[in-house]
A.B. asks: 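Below is the structure I would like to discuss, written out as C-alpha cells.
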Amino acid sequence: MKYITEFRRTELAEGLVSDIRQKSKRKVRFMEFCGGHTVAIFKYGIRQALPPTIEMVSGPGCPVCVTATADIDKAIALANFPGVIITSFGDMLRVPGSCSSLQNARAQGGDVRIVYSTMDALEIARNNPNKTVVFIGVGFETTAPTVAASVLQAKMQGTKNYRVLSLHKLCPPVIKTILDAGEVKLDGLVCPGHVSAVTGSNAWQFVAGDYGIPCVVAGFEPTDILQCVDMLVNQVEKHQAKVEIAYKRGVTPEGNLQAQKFMLQVFEPCPAKWRGMGEIPDSGLKLRPEFAGYDAEVAFDIKTEPAVEPKGCICGEILRGVKTPAGCRLFRKICTPENPVGPCMVSSEGSCSAYYLYGDDGGR
Ligand code: SF4
C-alpha cells in the first residue's frame with residue numbers, strides 16, 4: 001500500500017537503527033509529544049531497538065487524556081439536559097468524570113451518540129429539529145478546523161439546533177509550560193505529525209530558538225520515527241538546535257493555511273484547563289462572539305460541582321513526562337483497559353494503554 005509499505009521496510013529500519021547506534025554518543029532524553037507516536041514506538045519495538053544512550057519519554061499529546069475532569073463533568077451535565085443529544089468521538093464516552101462518564105449518562109437514559117465526524121453530528125441535528133445536538137469538541141489543531149467547518153456549514157445551511165462544547169487545545173502553549181516548569185529535562189522533541197500538518201513546523205521554532213532544544217516533526221510509520229530520532233541525534237551530536245521535518249509527505253513549514261483560516265474564523269484562543277497542568281493561557285479555543293449561537297456554554301447554564309480526580313491515578317504526571325505508567329500503583333492491578341481508572345488507560349493513544357498492550361517498560 002503506497003505511503004505505508006515503503007515506510008515499514010525492515011532493511012530501511014535496520015539501516016536507520018544502525019546509523020543511530022553509531023552516531024549516538026551523548027546520553028539524551030527525547031520526548032514524543034504525540035500519543036500516536038507513543039503507540040507506534042511501543043507497537044514497533046522502537047524503544048528496544050534504540051541504543052541505551054537514548055531515552056524516550058511520552059508527552060501530553062493525547063487529546064482525550066489531557067481533557068480536564070472538570071470539562072468531562074460539563075459534558076456529562078449537558079447529557080442530563082432534556083431534549084439534548086450529545087455527539088462525541090468514541091474514546092470520550094468511557095473517560096471518567098468526577099462521579100460518572102458519558103457512557104454512564106447514556107445508560108441512565110441520556111441520548112449520547114458516537115459519531116465519526118462532525119458532519120455526522122450535523123446530520124443528526126438536521127434529522128432531529130426538535131432537539132439540540134451538542135458536539136463534544138475534543139482535540140488539537142488537527143481536529144479544530146473540522147469542527148470549525150461544521151459550525152460554518154451549520155450557519156450556511158441554517159441548522160439552528162447545533163452546538164459545540166469546545167474543549168479544544170493548542171499544542172505549542174503546553175510544550176512551553178512543560179519546558180518552563182523544568183520538571184523534565186529534554187534534549188529533543190519529536191514533534192507531532194498531524195498537528196504540524198495544520199500548524200506547520202514553524203510552530204515549533206520557539207522550542208529550538210528560545211530553549212535550544214532540537215525539534216523534528218515525525219510521521220507515524222516505523223521508519224518515519226527512526227528517521228526523526230536519527231535527525232535529532234545528528235543535531236544533538238553537532239550541538240545544533242533547529243526545526244526539521246522527517247515527514248515531508250505531510251508537513252510543510254507553513255502548514256495548511258486553509259485549515260488555519262477556518263479555525264481562526266470560528267475560534268479564538270482562550271485559557272484552557274489541562275489534566276495535570278492546570279490552566280494554561282491561550283491554550284484553548286472558544287467560539288468567537290459572532291458564532292455564540294453555536295456555543296453550548298452560552299446556550300446552557302451548565303452547573304457542576306468542583307471536580308474530583310480519580311484516586312491514585314497519576315495521569316497528570318505521566319502527561320508531563322515526569323512519570324511512566326509503571327510508576328502508578330494501580331497500573332495493571334486495578335486499572336486495565338476493561339476497567340480504566342484514568343483517561344490514559346481509556347484512550348487508544350494513552351500512555352497507560354500503550355504500556356499495557358505492548359509492555360510496561362518498552363524493553364528497558
Ligand atoms: Fe491513571 Fe490507570 Fe494510568 Fe494509573 S494506570 S495513571 S490509574 S490511567
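All ligand and atom numbering here is 1-based and tracks the order in the structure. Atom set for the values below is all heavy atoms of this structure, side chains included, hydrogens, waters and symmetry mates excluded. As the structure is a prediction and not an experimental result, all values here were calculated from the model.
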A.B. asks: Return yes if some donor-acceptor pair links the side-chain N/O of His194 with the main-chain N/O of Gly219 below 3.5 Å, else return no.
C.D. replies: no
A.B. asks: For Arg288 and Phe267, indicate whether the former's side chain and the latter's backbone hold a donor-acceptor pair under 3.5 Å.
C.D. replies: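 A pair under 3.5 Å: yes.
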A.B. asks: What are the protein N/O/S atoms, named by residue and atom, that sit under 2.8 Å from atom 3 (Fe) of ligand 1?
C.D. replies: Cys352 SG
A.B. asks: Salt bridge or not between Asp230 and Lys23? Use side-chain N to carboxylate O under 4.0 Å.
C.D. replies: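 Salt bridge present between Asp230 and Lys23.
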A.B. asks: Roughly how far apart are Lys242 NZ and Gln205 CD, rounded to 0.5 Å?
C.D. replies: 11.0 Å
A.B. asks: Just list the side-chain donor-acceptor pairs under 3.5 Å for residues 122-140, sequence neighbours left out, or say none.
C.D. replies:
| residue | atom | partner | partner atom | Å |
| --- | --- | --- | --- | --- |
| Arg126 | NH1 | Gln157 | OE1 | 2.6 |
| Asn127 | ND2 | Glu123 | O | 3.3 |
| Asn128 | ND2 | Ile124 | O | 2.8 |

A.B. asks: Report yes if the side chains of Arg275 and Thr67 come closer than 4.5 Å at any heavy-atom pair, otherwise no.
C.D. replies: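 They are not in contact (no side-chain heavy atoms under 4.5 Å apart), so the answer is no.
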